Amino acid sequence: MTELKTDTITVNMGPQHPSTHGVFRLILTLDGETVIDVEPVVGYLHRNHEKIGELNNWIQNTPFTDRLDYISPMSNEFAYVLAVEKLAEIEPPERARYIRIIMVELNRIVNHMIVVGFLLNELGCFFTPMFYCIRWRELVMDLYEMTAGSRMMPNYFWIGGVAADLPPRFLPECKELVAALPGFIDELERLITDSEIVQMRCKNVGVLPPDVAVAYGCTGPLLRASGVPYDIRRAEPYSIYDRFDFDVVVGTVGDVYDRYLVRIEEMRQSVRIVEQALRDLPEGETATPKKRKFMPPEGDVYHRIEAPKGELGFYLVSDGSEQPYRYKIRAPSFVNLQALPYMCKGYKIADVVVNIGSIDITMGEVDR
Amino acid sequence: MTAQETFEALAARFPQFELEYVEGKDPAVLVKGENLLELAQHLKTEEGYDYCASVTGVDYEDRFEAVYHLYSTNKKGGPVILKVLAAREDPEVPSVVSIWPGANWQEREVWDLMGIRFTGHPDLRRILMWEGFEGHPLRKDFPGMKDEYTFSQPSGEQEHD
Amino acid sequence: MELVQRLLEFVDQIFVNLSFWASTQLANFLPEWAVTFLMMFATVLVLVFFGLGSIIWINVFERKVIGRFQDRYGPNRFGPFGLLQCVADMIKLLTKEDITPTKADRLIYNLAAVVPIIPTFLILAVIPFGRGMVAADLNVGFLYIVAVGSLGTIGIFMASWGSRNKYALISGLRTVAQMISYEIPMVLSVVGVLLLVGSLSMVSIVDAQAQWRLPFVVLQPLAFVIYFTAAVAEVNRAPFDLPEGESEIVAGYHIEYSGIKFAMFLLAEYINAFSVCAIAATIFLGGWQGPILPSWAWFFLKTYFLYVVLIWLRGTLPRVRIDQLLEFAWKTLVPLALANLMITALVAKLVPHNSLVGAVAFLAMNVVVIVGIAVVKYPRWRKERRQVVLVPRSASSEASGP
């Protein structure tokens, strides 16, 4: 049978699109419904964060990092504060360390909930799982507002501790939330994991083999779903993560379904960590005394954490003055996004959107 | 293995590269631009540093610097940090995309914002700024305060389907 | 007691009596043909206004029910319990700017806005809304429904082609494939029922269920499930709403429409969903039959019950992909429908009609088929369950530690 001469069409999933997680453009080359090539175009949300960071003080940069990955702001602040503390050799008090871990792990739960909710939104579920997830996010946001004063840009961490101690209402409410969360995660899983349509849409879609994942520099749940057990909290423990008992969740096949399962299980592990932190929370002060002008010694440092999206690293160069000389952010979404063309080739258009949802990108981080 | 031991092993292996040891909180290995690819290939295939976490460009007064942070997914130990110096005028550094494909967009970003050209990169064009933008924003001589900067939009028409 | 019965019957036949009274009044001063013509015209008007009027109710109903599935109220600001929300929406849509893309094919683009509505209203003509309340009792009722209902596909394709937009084009291709594929199981599953009835007329289908004293869903549950699934695909509702797959191709075939033309598409979709539920209620659930309440009340109850099931599906299930959709239609639904047809024909020959024995036989046969499918598929489903691997602290401390 002779081959029919077909033409490819170029479709622009443009910056304005309900499913591209922000302003993000994809140039798809299609043959019918099959994707031949995907070219992501980023930069629509570029705010030149790094240059502004060089004009701010060291202390002013802490709330500024909230704006990077606006879904998990506590993790961004955590990474920056840890990097500066490594540079200046400051040790925060024990209570502050435990509080930080609680906040960051709650943030991880929130982030994964939002990712799962939006992934199902892209699958076509019309917001229903998203509303369930957002309802629980609201409870965590209440905790943030109670402690830090603001829901989304909390500005809570200080170089040398945290800004304020936990209010008396925090502990009972947090314990209640942590006790109820496993039930909710089970409910979510019951709704989604065994659903045949979800399995049809997600299994063997966007498969990323482990060596390709490592070569592209992917980290976070994307890498672990492909089968590489690399978790920075375990590989290079920072803060007090070596005191907590949690498992690293690894997938088997590396498709969208595995990434979804890995995130659900990571939520459970985060709940374990928060429970342990709440149990072991010591008394004490919450910040080392602050100096008016913070001038760390000269030198450069790179510190990375396991943010909910992957490896978030800060490379800071100091020349001894009040402002950073170089303030570079290694954003996980930016590097993970490079794997998208590999994951999409040969699949259908509907799978492109699902793949983007499973990589979990936030344009604030990609473009900075 | 500490960073000192790693450096000594590398220096013993490649005496012709004249590697230097940079002290600091994160000790690094200073390597010349022309030797970068071979050293990187050795690190990836023989030492097992298969994960290039970050490619950064720094703008000092007398030079440009490209900093590479390399990790291993299955070895213990901290990162291997490579620093490459480049000239102040027309800085050029060989591209490591052939060794770690994950450095692709990061090198494009360094070219876009800092102006360090990576030779051998398959597709070196601007990634965060728009096409037609002139200048490299993160350089120290690029104005940072809004009174000093004049905005110029690329002109012309482009038809999109 | 007798007074209550007479009252119930009066309420039941209220519309029929109304039209009879109107025609006798008109016969006083108009010739025969004029009266007939005017009554037909009035029936058509009543149907059209019923369709348009029920939009006001259906839209809000759907949004409130889906809101409840999502743990929130639906619209509740405008009017008591948000009931006037649709009026607000219509006013908004009527006052929007009517945009036509420059390079669009004007004739087809503008015509495509009205074409999907027409078959929707045409279908309503043969559905019995109550005892004696059918606009046109065609003796090829069901065939008419199938034939006219498939005209909607042309409208959608005209819309997607005339928009001259790649997203709309992709959606149009998907629509045609989907709607053609799902016509077949839809029709085949009902043929089993038609075998039992012996006639295509919708009124006689309802009468046959009266004779069996059982709704056909008991005799043909498999056919009901197949018909309902195929009908959901025919009216482009979730989980089969690829043509307007919001998250990928951003509203698909009506991407370039705004204002009242967009409202026309929305109207067509809602009334289509309503008609499909009405047909399913008529054929499988017994139509307007039921104790105590007036017949048209039962009809609406059953239809809205099925409509709530549609909304439930929309809120819960994600969308299928186009190749999975077509695979499902051709490889699963069509063989099942054919198998159902053959076994129904066999059992119908062997078993006496209108008897309890026959009903039990049909039910048993269907149960056997369904259980057989479950037994075949369950072990494979069980085997394919996937788990993630948990690496505890002790194991990983040798693998990758500081």
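Below, chains carry the letters A, B, ... as their sequence lines are ordered, and counting in each starts from 1. Please read all numbers here as calculations on a predicted model, not as lab measurements.
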Do you know which of A/V253, A/V354, A/I192 has the most heavy-atom pairs under 4.5 Å to chain C?
A/V253
Just to verify, what does A/I240 make a side-chain contact (heavy atoms from CB on, under 4.5 Å) with, not counting sequence neighbours?
A/R97, A/Y98, A/I101, A/R243, A/F244
Side chain, backbone, both or neither: which part of A/R135 has a non-hydrogen atom closer than 4.5 Å to chain C?
side chain
Under a 4.5 Å heavy-atom cut-off, does chain C meet the side chain of A/L30, its backbone, both or neither?
side chain
Please say whether more than 12 non-hydrogen atoms of neighbouring residues, nucleotides or ligands are located less than 6.0 Å from CD in A/E39.
yes
With a 6.0 Å cut-off (strictly less than), is the heavy-atom count around NZ of A/K345, excluding the residue itself, greater than 12?
yes
I need the contact set between residues 65-75 of chain C and chain A: heavy-atom distance under 4.5 Å, sorted by residue number.
C/I66, C/F69, C/Q70, C/D71, C/R72
Between atom CG of A/L120 and atom OG1 of C/T316, what is the distance when rounded to the nearest 0.5 Å?
11.5 Å
Whatever's closer than 4.5 Å to a heavy atom in chain C on A/L191 counts as side chain
So which atom in C/Q324 and which in A/R201 form the shortest heavy-atom distance, rounded to 0.1 Å?
OE1-CD, 3.5 Å
Mind ranking A/D258, A/V352, A/D242, A/T193 by heavy-atom pairs under 4.5 Å with chain C and telling me who comes out on top?
A/D258
dist A/I197:CD1 -> C/F240:CZ (nearest 0.5 Å) comes out at 6.5 Å
What are the two closest heavy atoms between C/P318 and A/V198, and how far apart are they?
CG-CG2, 3.5 Å
Decide if atom CH2 of A/W136 counts as having more than 12 heavy atoms of other residues, nucleotides or ligands within a radius under 6.0 Å.
yes
In this structure, CD of A/E122 is separated from CZ of C/R319 (nearest 0.5 Å) by 10.0 Å
Within residues 267-276 of chain A, contacts to chain C at heavy-atom distances under 4.5 Å involve A/Q269
Interface moiety of C/I322 toward chain A, non-hydrogen atoms closer than 4.5 Å
side chain
Applying a strict 4.5 Å limit to non-hydrogen atoms, the region of A/V228 in contact with chain C is neither
Closest-packed option against chain C by number of heavy-atom pairs under 4.5 Å, given A/D351, A/I264, A/D247:
A/D247
So which bits of residues 178-186 of chain C come within less than 4.5 Å of chain A, counting non-hydrogen atoms only?
none
Step through the shown structure and confirm whether more than 12 heavy atoms of other residues, nucleotides or ligands are within 6.0 Å of OH on C/Y304.
yes
